[in-house]
Amino acid sequence: MLILAFPDYLSQAQRLASRLDVALAEVVVHHFPDGESLIRLPPSLPEHVIFCRSLNQPNDKLIELLLCATTARELGAKRLTLVTPYLGYMRQDIANQPGEAVSQRIVGKLLADLFDDVLTVDPHLHRISSLDQAIPIKNAISLTAANEVGIFLKQQFSHAVLLGPDSESKQWVAAIAESIGFDYAIAEKHRLGDKQVEMVLPAGNYRNKSVIIVDDMASTGRTIAKATGLLQAAGSNDIYAVITHALFCDDAYDHILKAGVKTIWSTDSINHPSSCIKLDALLAAAVKSII
Ligand code: R5P
């Protein structure tokens, strides 16, 4: 078995390789001036190859996975596993308007055609209940970082209220709250545009309480910023945020801090200075369970 790592995701792949006690080699990636990618794999591959890379900013990375997986098969690899802690393109699961591409299904099919196993963490599955409905292969494995996040929060707080900003977040928030015995509440959110959300806090006493906003991802940061404003208006000025996937597009991180969040923590599914919750033990245990 060999782990193939990409230059932008080397440290996570190294941690996974060392947990699994498996050799690691780097995929050489060259970007031509016109944006095309050239990839080069070690010419001699074992039967089982694991590619490790999150799919944030996914467009180039998907093409590179297509090139890698096809080349690995040509070089004789029999089993290809993709460990992709953040799996992009999962949010568009229906056509909201006639003619819209249902990206979740299309990208899911592409990955199913390329890989024998796909492992990810807290994928954004809204209207489907299991990952194999999006990626139709037997080993489409959806892990959750709830335990890692819960252990981390328990080290920081003896007690706090967890707030999920929308109904979809309930799955993560409830799991974390139950694992560490914290209270939780779920807000109601309506998205009006990429950077515009409306939200209603559930009734409750937030005055002088530490509140931690918990979500699967922050993209523009507007969801967390809106929740922060409502919590401040309700009397809490001790507000934190923890997310699995630190997408933080453009000004998102600063926007959240300016809104009044004291600290934001995230997992290392995506490289970011906030990414202090490591996922290698979770990922390694999942890989071990399928080999
Ligand atoms: C959406 O339902 C997700 O769970 C997140 O709440 C959302 O993607 C966050 O996006 P943003 O940071 O752009 O508000």
Side-chain angles (χ1 to χ4, degrees), residues 54-59 84-96 100 102-104 107 120-131 133-134 142-146 148-149 161-177 184-202 211-232 239-267 269-275 277:
S54 269
L55 288 173
N56 53 311
Q57 304 288 330
N59 294 354
T84 182
Y86 174 68
L87 177 58
Y89 276 118
M90 288 296 107
R91 280 176 284 183
Q92 184 79 24
D93 59 359
I94 54 167
N96 292 303
E100 255 178 26
V102 182
S103 337
Q104 184 191 77
V107 172
T120 189
V121 180
D122 292 336
H124 193 92
L125 305 182
H126 180 198
R127 275 164 279 252
I128 61 171
S129 54
S130 68
L131 187 62
Q133 292 171 267
S142 166
L143 306 166
T144 178
E148 282 67 19
V149 171
V161 178
L162 306 187
L163 179 77
D166 51 34
S167 57
E168 293 148 40
S169 66
K170 187 173 175 188
Q171 51 188 306
W172 303 290
V173 181
I176 296 167
Y184 75 91
I186 305 294
E188 226 178 87
K189 178 178 96 179
H190 297 287
R191 186 172 284 282
L192 307 174
D194 285 346
K195 291 192 170 180
Q196 227 189 332
V197 293
E198 279 180 351
M199 196 179 289
V200 179
L201 275 190
V211 182
I212 306 161
I213 302 164
V214 180
D215 210 353
D216 59 335
M217 66 180 86
S219 175
T220 66
R222 268 49 183 183
T223 297
I224 292 177
K226 175 61 82 175
T228 303
L230 295 175
L231 286 167
Q232 286 169 333
I239 302 164
Y240 303 83
V242 66
I243 52 174
T244 307
H245 307 297
L247 291 172
F248 292 136
C249 308
D250 305 324
D251 67 342
Y253 188 64
D254 285 345
H255 186 78
I256 291 171
L257 293 177
K258 275 189 196 137
V261 169
K262 285 189 168 165
T263 314
I264 316 169
W265 301 286
S266 64
T267 77
S269 76
I270 293 173
N271 291 318
H272 187 268
S274 65
S275 302
I277 304 170

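For ligands, and for the atoms within them, numbers begin at 1 and follow the listed sequence. In what follows, every heavy atom counts, from backbone to side chain, and hydrogens, waters and symmetry copies are set aside.
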Distance only, no hydrogens: is a donor on one side chain within 3.5 Å (strictly under) of an acceptor on the other, for S103 and R91? no
What are the two closest non-hydrogen atoms of A241 and V261, and how far apart are they? N-CG1, 3.8 Å
To check you understand the geometry: which heavy-atom pair defines the closest contact between S169 and V214, and what is its length? CB-O, 4.1 Å
Any donor-acceptor pair under 3.5 Å linking the side-chain atoms of S54 with those of S269? no
Steps toward side chain to side chain donor-acceptor pair (under 3.5 Å) verdict (E168, H124): CA-CA 9 Å; E168 293 148 40; H124 193 92; 2.9 Å; yes
Does N96, at its CG atom, have more than 12 non-hydrogen atoms belonging to other residues, nucleotides or ligands within less than 6.0 Å? yes
When you look for protein heavy atoms under 4.0 Å from ligand 1, which residues do they belong to? R91, H124, D166, E168, K189, R191, D215, D216, M217, A218, S219, T220, G221, R222, T223
